[in-house]
**Student:** 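Following this message is one structure expressed as structure tokens.
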Amino acid sequence: MTRGRGLALPAPDRVLSSRTGYTRETWLAVADHLLDSLVPWFSASGAQVRLPGRGSWSGADCDGLEGFARSFLLAAFRIAAGPGDERLVERYARGLVAGAAGEWPRLTPCSQQMVEAAAIAVGLHESRAWLWDRLDGREQQVVVDWLSGFVGSRTWDNNWRLFQVVGEQFLASVGASYAQDDIDAGLERIEDWYVGDGWYSDGPGQNFDHYIGWAMHLYPGLWTRMAGPSADGRLAVYRERLHRFIEDAVHLTGSDGAPVHFGRSLCYRMGTAAPYWMGALLDATPLTPGQTRRLCSGTLRHFVDHGVPDERGLLTLGWHHHFLPVTQPYSGPASPYWASKGFLGLLLPPEHEVWTAREEAVPLDVRDQVRAMPAPGFLIQATKHDGIVRLLNHGSDHGGEGDPHYNRLAYSSRTAPELTEEIVDNQIVVGAQGPRTLIRRRAVDGSSAASWWEAGEARIEVMSVVQGRIEVRCALVDGPAGVVRHGGYAVAGVERPDERTGELWAQATPRVLVAAVVLSGDTVWARQLGESIGVTVHGTQVTVRFADGTRTGVQLGEEVDDGGGTAAGAGAPA
């Protein structure tokens with residue numbers, strides 16, 4: 001057994017899991033530790049889990065419900081994996097009835113309670129034989145009455161539509177009143193947001209981040225498990241889309257298991273593993289069973305190795321550690337327990353190949369990866385020698401609201417955006433103009449991607465061309481006179497990173513800026529880097545030559561059809 005911070009793990013199995021050492025027993029041990037560590041924080045009735053920390057904008061009662069609901073999802077997976085765990089069954093059955101009888105806020109239109117009710121509905125379905133079926137008729141009716149707040153109600157027009165879908169499908173499965181129109185409308189609405197290649201937008205606009213995996217693909221898959229044979233028509237579509245999504249998504253995790261640090265709700269951490277487990281559950285994945293476990297276990301191990309959960313056994317508002325600037329106002333102290341979705345694989349029986357097969361290499365374990373993802377507007381650049389994934393963002397803006405987790409030119413699995421008022425990292429800023437907002441796409445193809453945006457009076461266009469660990473950014477700046485600032489990745493450590501400067505040169509050619517941006521796990525020698533790249537600029541035409549002779553022509557300033565960048569509709573995140 002390995003021990004640390006109260007978390008006891010089985011000894012690594014380097015035969016079955018040569019890359020991570022993690023097995024099904026490891027996942028069970030982490031799940032048990034997370035659930036047991038919550039016991040001191042339950043209310044007397046068991047209906048609320050009141051964790052310490054900054055409250056959300058929804059209030060303490062809803063935060064306590066969130067603690068119950070999100071941990072119940074993990075408990076349900078653990079109960080089903082047992083099968084059965086009498087302590088968990090008793091603990092959550094008691095709290096479920098007390099909460100539904102009056103200790104939880106009622107479900108009202110667009111209320112946070114809807115998010116948590118969906119988790120409860122899914123948990124009840126997946127642990128049905130051990131918990132729901134053992135409630136008496138009165139207790140079941142109390143829960144039905146509370147969940148019935150979904151029926152005919154209104155949700156935010158984004159991933160929230162799916163909360164109503166699974167909530168009412170559970171009601172249908174237990175013979176309670178429900179509205180089939182609500183279910184159908186929610187499932188039809190996500191069709192409006194399907195943009196191809198397995199990708200959805202999370203609501204109207206260009207909203208692409210981890211929510212696509214842990215919400216837009218997850219809940220339709222969970223719904224099919226609830227609906228049974230009546231879901232067969234949609235199941236075929238969802239399986240095909242999930243399969244295609246995973247072909248892209250496998251490239252969003254570094255070799256060390258770290259997901260790309262990008263988008264909202266990063267405190268959900270290993271929730272990023274959810275779509276890969278769902279692919280195995282629905283037989284809808286291009287990955288082998290050994291690749292699936294290597295990918296998911298790599299992510300779990302990454303966070304465990306970096307101090308998650310903390311010394312109290314709790315998931316905190318942050319990434320590796322408690323760090324509020326990475327969160328949003330809707331996040332409360334129990335919000336991180338959406339990480340429970342990352343334990344979906346516990347629904348797979350112990351004899352399933354995903355648990356019995358030997359771990360296998362994923363693409364980045366084998367060679368460098370460059371992958372264009374036109375649907376979300378991403379260009380992925382990943383290097384085997386250091387295991388780093390870099391996401392060059394030419395398509396996701398979350399409505400142009402100015403969130404630093406969307407408005408940078410690039411993100412990675414090893415760095416985070418600078419969150420102070422001084423915005424330089426992975427940005428091009430003219431004078432006092434602010435960072436980019438709505439993104440207008442030009443192209444994402446092969447080893448290059450291009451987009452443009454407006455900031456005040458300035459119009460800025462960027463094309464990224466990549467090879468290995470090198471990104472060459474070619475930018476055309478059209479705007480008022482002023483200093484143009486440009487930065488690469490923000491790096492940090494316990495000690496101040498080493499900084500070196502040398503010979504610099506710059507040439508203004510109608511405000512064309514060409515820069516090499518490199519993020520590497522080892523030393524980068526500036527002079528050698530400069531000598532490996534050749535750049536020629538003629539007006540707004542840039543030619544980039546790499547050391548191996550590869551040559552790419554970049555034409556800036558072309559008039560293109562504005563096919564993106566529309567603002568998202570109003571909505572509240574989960």
Side-chain angles (χ1 to χ4, degrees), residues 47 56-59 61-62 65-66 68-70 72-73 96-126 128 132 135 137-194 200-204 211 215-216 218-231 233-235 238 330 568-574:
S56 75
W57 61 17
S58 298
D61 287 344
C62 194
L65 163 61
E66 186 173 72
F68 179 95
R70 298 191 180 197
F72 174 53
L73 190 62
L96 175 72
V97 175
E103 292 199 33
W104 294 336
R106 306 299 297 177
L107 271 63
T108 54
C110 298
S111 63
Q112 182 67 27
Q113 295 88 278
M114 286 185 161
V115 185
E116 314 319 324
I120 290 171
V122 170
L124 286 172
H125 173 76
E126 298 296 350
R128 184 186 300 257
W132 176 261
L135 298 179
R138 182 197 65 82
E139 293 169 329
Q140 289 182 345
Q141 189 60 50
V142 166
V143 177
V144 163
D145 289 345
W146 187 75
L147 288 173
S148 293
F150 272 124
V151 181
S153 192
R154 180 174 63 88
T155 75
W156 296 112
D157 198 29
N158 54 14
N159 67 85
W160 282 45
R161 299 296 294 265
L162 295 170
F163 303 148
Q164 186 172 34
V165 167
V166 296
E168 293 200 46
Q169 191 61 56
F170 177 75
L171 291 173
S173 73
V174 297
S177 296
Y178 71 102
Q180 187 64 45
D181 287 348
D182 288 347
I183 297 173
D184 294 341
L187 296 174
E188 284 301 314
R189 184 59 173 137
I190 69 171
E191 295 300 311
D192 297 332
W193 305 327
Y194 184 68
Y200 296 87
S201 172
D202 180 12
Y211 270 84
M216 303 305 296
L218 178 67
Y219 286 102
L222 292 170
W223 170 77
T224 66
R225 291 171 61 82
M226 289 182 171
S230 66
R234 292 188 187 272
L235 174 58
Y238 296 154
Y330 58 78

**Student:** Any heavy-atom pair between the side chains of Ser173 and Met226 that's under 4.5 Å?
**Tutor:** no

**Student:** Are Val165 and Ile190 close enough that some pair of their side-chain heavy atoms sits under 4.5 Å apart?
**Tutor:**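 The answer is no, as the side chains (C-beta and beyond) never meet within the 4.5 Å cut-off.
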
**Student:** For Gly203 and Ser201, which heavy atoms make the closest approach, and how far apart are they?
**Tutor:**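 Shortest heavy-atom separation between Gly203 and Ser201 comes out as O-OG, 2.6 Å.
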
**Student:** Under 30°, 30 to 60°, or over 60°: which ring-plane class applies to Trp57 and Tyr330, parallel, tilted or perpendicular?
**Tutor:**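 Tilted: the ring planes of Trp57 and Tyr330 meet at 30° to 60°.
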
**Student:** Got a salt bridge between Glu188 and Arg161, using NZ or NE/NH1/NH2 to carboxylate O under 4.0 Å?
**Tutor:** no

**Student:** For a quick test of reading the model, state the closest non-hydrogen atom pair linking Ala100 to Trp146 and the distance between them.
**Tutor:** CB-CB, 3.8 Å

**Student:** Kindly give the heavy-atom pair with the smallest separation between Asn159 and Ala215, and that separation in Å.
**Tutor:** CB-CB, 4.0 Å

**Student:** Between Gln113 and Arg106, what is the shortest heavy-atom contact and its length?
**Tutor:** NE2-O, 2.8 Å

**Student:** So Ile120 and Leu65, side chain to side chain contact (heavy atoms under 4.5 Å, CB included) or not? Walk me through it.
**Tutor:** CA-CA 10 Å; Ile120 290 171; Leu65 163 61; 4.1 Å; yes

**Student:** Going by side-chain hydrogen bond (donor to acceptor under 3.5 Å, both in side chains), Arg189 matches just one of Thr155, Asp184, Asp157. Which one?
**Tutor:** Asp157

**Student:** Answer whether the closest heavy-atom distance between the side chains of Leu124 and Val174 falls below 4.5 Å.
**Tutor:**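 SC-SC contact between Leu124 and Val174 ruled out.
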
**Student:** Side-chain contact test, heavy atoms from C-beta onward, threshold under 4.5 Å: evaluate it for Trp193 versus Met216 and give yes or no.
**Tutor:**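 Touching, per the 4.5 Å side-chain cut-off.
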
**Student:** For the pair Ser111 (side chain) and Leu107 (backbone), establish whether a donor and an acceptor sit closer than 3.5 Å, ignoring hydrogens and angles.
**Tutor:**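 The answer is no, because no donor-acceptor pair under 3.5 Å joins these two groups.
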
**Student:** To the nearest 0.5 Å, how far apart are CG in Asp145 and OG in Ser177?
**Tutor:**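 With rounding to 0.5 Å, CG (Asp145) is 10.0 Å from OG (Ser177).
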
**Student:** Do Leu218 and Leu162 touch side chain to side chain, with heavy atoms closer than 4.5 Å?
**Tutor:** no

**Student:** For the residue pair Glu126 and Leu73, establish whether any side-chain heavy-atom pair is separated by less than 4.5 Å.
**Tutor:** no

**Student:** With a 3.5 Å distance limit and no angle check, can you tell me whether Gln164 reaches the backbone of Ser153 through a side-chain donor-acceptor pair?
**Tutor:**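 Yes: the side chain of Gln164 pairs with the backbone of Ser153.
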
**Student:** For the backbone of Val97 and the side chain of Glu139, can you confirm whether one donor and one acceptor N or O come within less than 3.5 Å of each other?
**Tutor:**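 Between the backbone of Val97 and the side chain of Glu139 there is no qualifying donor-acceptor contact (under 3.5 Å).
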
**Student:** A side-chain contact here means heavy atoms from C-beta on lying under 4.5 Å apart; do Leu187 and Arg234 qualify?
**Tutor:**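 A side-chain contact under 4.5 Å exists here.
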
**Student:** Enter the distance from Glu66:CD to Phe72:CZ here, rounded to the nearest 0.5 Å.
**Tutor:** 16.0 Å

**Student:** For the residue pair Trp132 and Phe170, does the interplanar ring angle fall in the parallel (under 30°), tilted (30 to 60°) or perpendicular (over 60°) class?
**Tutor:** perpendicular

**Student:** Taking all atoms of both residues into account, what is the closest heavy-atom pair of Ala121 and Gly167, and its distance?
**Tutor:** CB-CA, 4.0 Å

**Student:** Can you tell me how far apart CZ (Arg154) and CE (Met114) are? Round to the nearest 0.5 Å.
**Tutor:**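 CE of Met114 is found 8.5 Å from CZ of Arg154.
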
**Student:** Nearest 0.5 Å, what's the CH2-CZ distance between Trp104 and Phe68?
**Tutor:**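 Here the interatomic distance stands at 4.5 Å.
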
**Student:** Any side-chain heavy atom of Tyr178 within less than 4.5 Å of one from Ile183?
**Tutor:** yes

**Student:** Apply the side-chain contact (heavy atoms from CB on, under 4.5 Å) test between Leu171 and each candidate in Val143, Val151, Val166; give the one that qualifies.
**Tutor:**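 Going through Val143, Val151, Val166 one by one, the side-chain contact (heavy atoms from CB on, under 4.5 Å) with Leu171 is satisfied by Val151 alone.
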
**Student:** Evaluate the ring planes of Trp160 and Trp156, with Trp represented by its six-membered ring, and classify them as parallel (under 30°), tilted (30 to 60°) or perpendicular (over 60°).
**Tutor:**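 Because their plane-to-plane angle is over 60°, the rings of Trp160 and Trp156 count as perpendicular.
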
**Student:** Show your reasoning for whether side-chain hydrogen bond (donor to acceptor under 3.5 Å, both in side chains) applies to Asn158 and Asp202.
**Tutor:** CA-CA 5 Å; Asn158 54 14; Asp202 180 12; 4.7 Å; no

